[in-house]
Amino acid sequence: MPAFEYRSANRAKRLSIAVFVAIGCAIAGVSWGETIKGNVRYVGAPIEKKKVPVTIDQYVCGKDKESEDLVLSSNNGIRNAVVSLRDPPPNAKRDWNLPPAKMDQKQCSFVPRVIVAPVGGTVEFLNSDRLLHNVRSAGKGNPPFNRAQPHARSISFTFKQPELLRVDCDLHSWMRGWVVVAEHPFYAVTSESGEFTLENVPPGKYTLQIWQESLGTVTQEVTVGNKAMATVSVEMRRK
Ligand SMILES: [Cu+2]
């Protein structure tokens with residue numbers, strides 16, 4: 001076989017193998033990206049648990065509430081920290097599939113306290129308590145809102161701009177929630193034990209941004225390779 005034909009045949013063979021693997025992965029639902037798995041941990045002086053004075057509506061809210069602005073697991077895993085890629089890969093999908101974001105009001109707390117919603121997505125606020133709450137937020141990129149919310153009424157808002165929004169209830173001063181309006185899919189909220197997973201991240205070097213409402217923001221570099229799962233341990237402390 002002449003050299004040229006041989007090279008062409010080889011190239012065609014390599015191409016067909018690549019196409020075959022790509023189709024195989026697509027059928028199997030395998031993505032090309034990798035997973036970043038990690039945990040966010042508190043380091044520093046022990047945190048004293050703060051009590052929140054419940055002055056009204058104790059029949060629903062309870063008499064004693066613990067502050068939820070920094071909740072740690074038994075080994076100092078930080079709950080409700082938001083982990084994201086500061087510089088997402090190019091062409092990061094804007095309209096990704098997230099289940100509809102919901103934030104309930106239960107026993108006079110926002111549950112979950114921290115949620116992520118995509119830009120253009122809707123957040124539904126609920127009230128499971130048999131009393132009146134309200135939901136108020138003074139966003140800058142998104143229109144501010146302030147709506148009374150009787151029991152069992154659902155109120156939905158759509159957010160058009162990426163922003164970190166604080167949500168309050170004016171009737172119960174301790175109530176606080178956070179809506180993270182995200183412009184790309186690489187966001188995660190840490191679990192009770194401080195763990196998080198970011199999936200389908202293309203190989204590359206990234207800066208992780210980690211935010212927690214009472215500890216602020218820290219960053220950490222992470223490299224995602226072609227094979228192994230990237231694991232990260234993040235430490236946060238009081239500033
Ligand atoms: Cu309330």
Side-chain angles (χ1 to χ4, degrees), residues 40 42 47-73 77-84 98-182 187-194 196 211-217 236 238:
V40 183
Y42 171 79
I47 301 277
E48 271 184 41
K49 286 188 177 170
K50 281 187 286 182
K51 289 269 185 233
V52 173
V54 177
T55 45
I56 54 165
D57 297 331
Q58 294 178 341
Y59 69 105
V60 170
C61 305
K63 283 186 181 152
D64 257 340
K65 276 186 114 53
E66 270 181 12
S67 168
E68 294 176 302
D69 61 0
L70 179 57
V71 180
L72 303 180
S73 70
I78 300 175
R79 185 180 190 174
N80 283 335
V82 179
V83 183
S84 61
L98 268 187
K102 289 186 181 194
M103 187 177 270
D104 199 356
Q105 307 195 61
K106 276 185 183 169
Q107 292 177 294
C108 310
S109 292
F110 287 107
V111 180
R113 186 176 176 93
V114 181
I115 56 171
V116 175
V119 167
T122 298
V123 175
E124 184 183 8
F125 289 92
L126 304 158
N127 177 6
S128 294
D129 287 339
R130 292 189 172 275
L131 49 68
L132 182 71
H133 289 296
N134 82 321
V135 284
R136 180 173 58 80
S137 179
K140 292 195 174 100
N142 294 283
F145 57 84
N146 183 7
R147 295 269 297 275
Q149 188 168 36
H151 169 63
R153 179 177 294 174
S154 147
I155 303 174
S156 291
F157 297 102
T158 303
F159 299 104
K160 298 261 165 68
Q161 295 294 328
E163 191 170 12
L164 172 62
L165 294 166
R166 192 177 113 180
V167 181
D168 292 301
C169 167
D170 295 300
L171 298 162
H172 307 100
S173 58
W174 63 85
M175 290 182 67
R176 184 152 298 163
W178 300 88
V179 175
V180 182
V181 187
Y187 275 79
V189 180
T190 53
S191 67
E192 267 176 60
S193 53
F196 70 89
W211 171 85
Q212 200 280 334
E213 62 181 281
S214 68
L215 299 176
T217 302
M236 295 188 90
R238 287 221 187 271

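First listed ligand is number 1; within each ligand, the first listed atom is number 1.
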(request) Indicate the ring-plane relationship of His133 and His172, choosing parallel, tilted or perpendicular according to the 30° and 60° boundaries. (result) perpendicular
(request) Measure the acute angle between the ring planes of Phe125 and Phe110, then classify it against the limits of 30° and 60° as parallel, tilted or perpendicular. (result) perpendicular
(request) With the Cu ion (ligand 1) as the reference point, give the N/O/S atom of His172 that is nearest. (result) ND1
(request) Look at the N, O or S atoms of Cys108, main chain and side chain alike, and state whether any lies under 2.8 Å from the Cu ion (ligand 1). (result) no
(request) Quick one: the ND1 of His133, the Cu ion (ligand 1), SG of Cys169 angle, rounded to 10°, please. (result) 130°
(request) From the options Lys50, Arg113, Arg176, select the one residue that forms a side-chain hydrogen bond (donor to acceptor under 3.5 Å, both in side chains) with Asp69. (result) Lys50
(message) SG to SG below 2.5 angstrom is the rule I want applied to Cys169 and Cys108. Does it hold?
(response) no
